[in-house]
Visitor: 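If you scroll down you'll find the structure; I have some questions about it.
We name chains A, B, ... by the order of the sequence lines, and we start the count at 1 in each one.
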Protein chains: 2
Amino acid sequence: MLTIRDIAKKAEVSVATISRFLHPETKHFVHPETREQIEKIIHKYHYIPNQAAQALSKQTTNNIGMVTAFSTDVVKSPYYEGLIAGIIEGIRPFTHDLKWIMIKDEEIQNCNPKELLQKHAVDGVVFLTWRLYPKLIHEIEHHSNLPVVLINDYESTIRSSIVYCDGGNGVQEVCKHFVQKGYKTIGMLRGPEYISLDAQKRFKAFKRAARTLGFRVDPKFLFECQRFDETDGYQAMKTWIENQKLPRAIFCANDDIARGAMHALQEKNISIPDQIAVAGFDDSIRSESLNPSLTSVRQPLEAMGRAAVQALINMITKKAKSPIQIRFEPELIVRQST
Amino acid sequence: MLTIRDIAKKAEVSVATISRFLHPETKHFVHPETREQIEKIIHKYHYIPNQAAQALSKQTTNNIGMVTAFSTDVVKSPYYEGLIAGIIEGIRPFTHDLKWIMIKDEEIQNCNPKELLQKHAVDGVVFLTWRLYPKLIHEIEHHSNLPVVLINDYESTIRSSIVYCDGGNGVQEVCKHFVQKGYKTIGMLRGPEYISLDAQKRFKAFKRAARTLGFRVDPKFLFECQRFDETDGYQAMKTWIENQKLPRAIFCANDDIARGAMHALQEKNISIPDQIAVAGFDDSIRSESLNPSLTSVRQPLEAMGRAAVQALINMITKKAKSPIQIRFEPELIVRQST
DNA sequence: ATTCTTAATGTAACCGGTTACATTTTGGAG
DNA sequence: CTCCAAAATGTAACCGGTTACATTAAGAAT
């Protein structure tokens, strides 16, 4: 493996000159002739600077971290799918490498940000939280100066940037749509609120919508799923069907729950949307291809992922002096299911 | 930031002793009392060794790379979804970090393995190829000694380990199933064969199945989709419907294509499976929740991802002396669509 | 008490870059 | 021709670990 000293010798200049050549952005001048000479040698020997050495001396890693829980569920969720796709897209123009940092459950509790992040060698991180990490974020903000971007988690932070989508508006839109269609009884399959801020917010927004639009929230048409997934939606709806208490329309905290609910309804040949209308949240790619296709609220996940990376790199390169908040608006996509 | 020298001073020992303490696996003895003392100091000051410095002096990065094309489509495909989930799971027991290395299209052509991989600082890589990278692999194998594991790509390699699933068997099973059901005319929506080895293999296996099972491959019931996605399946099937040439059963090169095809059929109220049976390939999580649920061939993607990481780390730690090939068998999942 | 072996620790070179500071070169201006 | 500022380059210390080699301490054998 060739080192910078080898190259310096071959090019008949000093190591400093090579280093300067490698970093034109520092504005240290290298004579055009010398430059050409170095260029030739580097190209001839396929010289590539050693990452570790650069990291050590520059005190910077050129890596950014994408933090998720250590669970295979993550990749399987349309929500993360969208965000990750955006992050991939967003990192494209930069030279940074992407490290996927997965936090194990046991680490969430007694977390030390140094142990957690410093050892992973990153210049900054994007948190794709869906568990609540408030303690960890707090620790990072107070005991380190690591640039952090949070996605859809805009509470109690001081120096982290935040990219979020105001889902509340989306919920409002769904309910307005239901009311306009003349559906009187509207139920909700809620998400796991002890775990997810989003789940909490969606339910709050639902109650708010009831107030502003003037429909009643009947407790017998409410159910809190333990997970954001299909099985839970299926089970919940099955129970309702058996107990013969069905609303005219149902808003599900996400598409997976909605899909499960539809499944249960179709098993009993209950027609969607003629007997009951169903709407989801997230507009995962699959919503469109369901039969009937699913009305849903779209968060611009890819755009959000892109924005997060952009914001993070601005923080790392000090282009941004202070943390920012970027807000995205959701969009109601009306399809056959309502 | 505390360095090993700071800690050495505080613990009143030399840096070497600290380093030995940090690496018990080297079997260099540290006196129990000293050990205790060091332990206390490290814990008190939350000392964490600097990654870059370790990497530089150990000549090893503690990172493994997951190589994919630089495209957001990757995360959105159930195929990669499964593999990635397996990789995440597989890396769990180890301390290695996971770097997601994305190769841009323009780099695929005139690729230099050093420029591509050395600069990303990894100890080994898993290739989740779906474009053909034969030249790159060849270069890596000949001009570096980087440990490599390939997934579902078992041709022309010399020192890479390979994890693959013999999809051919799965195709055979699908066709056998069709024949047993008494379906005489069997068509296929093929995948993009100029791009994907798998697409090529699935079509070959289809032709082989026709021979061994004794059904005819009618060119008018064949179509090569340009991408492994829903839109292509939809378009292809729509065209067939318009031209009134439909087989009794159709095998699709993957689930996305199948989903698109089903969509087109349902639009025209053609009953599945009564008028036409549809089978897919991959058994993505969504296949089950389609209506009707989709018969499909399951590759044990997660297990494959896990195996790949395991194999790679064995290569890195020299536990494996020579490259290995791990073969998985696909499984036919029969559902409503056939 | 002396010698030998092994355990425990210390010293300093090394990994391969970056960069502060020093030095030499270059091209006007006076 | 001299002087000076700016450009170009060189020297060597430094980043924070690891480890070969040297040294000291401890315990056993003679």
Side-chain angles (χ1 to χ4, degrees), chain A residues 1-39 41-42 45-63 95 97 114-115 118-123, chain B residues 1-39 41-42 45-63 95 97 114-115 118-123:
Chain A
M1 207 68 307
L2 286 174
T3 73
I4 200 174
R5 283 165 237 269
D6 300 326
I7 297 299
K9 196 164 289 168
K10 288 184 200 297
E12 299 177 303
V13 294
S14 72
V15 291
T17 304
I18 303 289
S19 184
R20 288 184 191 112
F21 170 88
L22 294 172
H23 302 284
E25 72 278 7
T26 58
K27 297 284 165 53
H28 275 121
F29 308 93
V30 176
H31 193 92
E33 270 178 37
T34 317
R35 179 172 293 279
E36 203 175 319
Q37 170 68 359
I38 296 176
E39 176 107 57
I41 298 289
I42 287 186
Y45 293 97
H46 296 300
Y47 167 69
I48 305 217
N50 179 302
Q51 280 282 146
Q54 284 188 319
L56 178 57
S57 91
K58 291 213 285 196
Q59 302 284 67
T60 191
T61 66
N62 217 36
N63 294 146
T95 61
D97 273 351
K114 284 191 187 161
E115 286 170 17
Q118 184 171 310
K119 78 174 168 210
H120 290 295
V122 289
D123 293 338
Chain B
M1 207 70 305
L2 286 174
T3 73
I4 199 173
R5 284 165 235 267
D6 299 325
I7 297 298
K9 197 163 290 169
K10 288 183 200 297
E12 299 177 304
V13 294
S14 71
V15 291
T17 304
I18 303 289
S19 183
R20 288 183 191 113
F21 171 89
L22 294 171
H23 302 285
E25 72 278 6
T26 59
K27 297 283 166 52
H28 275 121
F29 308 93
V30 176
H31 193 92
E33 271 178 38
T34 317
R35 177 172 296 279
E36 204 176 318
Q37 170 69 359
I38 296 177
E39 176 107 57
I41 298 289
I42 286 187
Y45 293 96
H46 297 299
Y47 167 69
I48 304 217
N50 179 301
Q51 281 282 146
Q54 285 188 318
L56 178 58
S57 92
K58 292 213 286 196
Q59 302 285 67
T60 190
T61 66
N62 216 36
N63 295 146
T95 61
D97 274 350
K114 284 190 188 160
E115 287 169 17
Q118 184 171 309
K119 78 174 168 209
H120 289 295
V122 289
D123 293 339

Visitor: Hey, is the side chain of A/T34 poking within less than 4.0 Å of OP1 or OP2 on D/dT9, counting only N and O atoms?
Guide: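 Checking A/T34 against D/dT9: at least one side-chain N or O falls below 4.0 Å of OP1 or OP2.
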Visitor: Side chains of A/L22 and A/I42: does their closest heavy-atom pair fall under 4.5 Å?
Guide: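 A side-chain contact under 4.5 Å exists here.
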Visitor: Which pair of heavy atoms, one from B/Q118 and one from A/I48, lies closest together, and at what distance?
Guide: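 Heavy atoms of B/Q118 and A/I48 come nearest at NE2-CB, 3.6 Å.
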Visitor: Is any side-chain heavy atom of A/D6 closer than 4.5 Å to a side-chain heavy atom of A/K9?
Guide: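 SC-SC contact between A/D6 and A/K9 ruled out.
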Visitor: B/K9 has an atom NZ; how far is it from atom P of C/dT9, in whole Å?
Guide: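 Atom-to-atom, B/K9 to C/dT9, this comes out as 19 Å.
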Visitor: Taking all non-hydrogen atoms of both residues, which atom of A/A55 and which atom of B/A52 are closest, and how far apart?
Guide: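 Between these two residues, the closest heavy atoms are CB-CB, 3.6 Å.
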Visitor: Atom NE2 in B/H28, atom NE2 in B/H23: separation rounded to 0.5 Å?
Guide: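 B/H28 NE2 to B/H23 NE2: 12.0 Å, rounded to 0.5 Å.
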Visitor: How close do B/T3 and B/Y47 get, counting heavy atoms only, and between which atoms?
Guide: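 Shortest heavy-atom separation between B/T3 and B/Y47 comes out as C-CE1, 3.9 Å.
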Visitor: End-to-end bend of the helix from C/dA1-D/dT30 to C/dG30-D/dC1 (five-pair axes, 10° rounding)?
Guide: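 Here the local axes at opposite ends form an angle of 50°.
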Visitor: Please give me the minimum heavy-atom distance between B/A11 and B/I18, naming the atom from each residue.
Guide: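 Closest pair (atom of B/A11, atom of B/I18, distance): CB-CD1, 4.4 Å.
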Visitor: How does protein reach along nucleotides 14-27 of chain D, written 5' to 3' as B (base within reach of a heavy atom under 4.0 Å), S (only sugar-phosphate), or - (no contact)?
Guide: -BBBBBB-------
Visitor: Checking contacts here: which listed nucleotide (D/dA7, D/dT11, C/dT9) is nearest the side-chain heavy atoms of A/S14?
Guide: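 Of the options given, the side chain of A/S14 lies nearest D/dT11.
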Visitor: Can you tell me the distance, in whole Å, between the NZ atom of B/K27 and the P atom of C/dA8?
Guide: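 After rounding, the reported distance stands at 14 Å.
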Visitor: Over how many whole Å does the gap from A/E33 atom CD to C/dT26 atom P extend?
Guide: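 A/E33 atom CD is separated from C/dT26 atom P by 11 Å.
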Visitor: For the side chain of B/D97 and the backbone of B/N63, is there at least one donor-acceptor N/O pair under 3.5 Å apart?
Guide: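 Answer holds: no.
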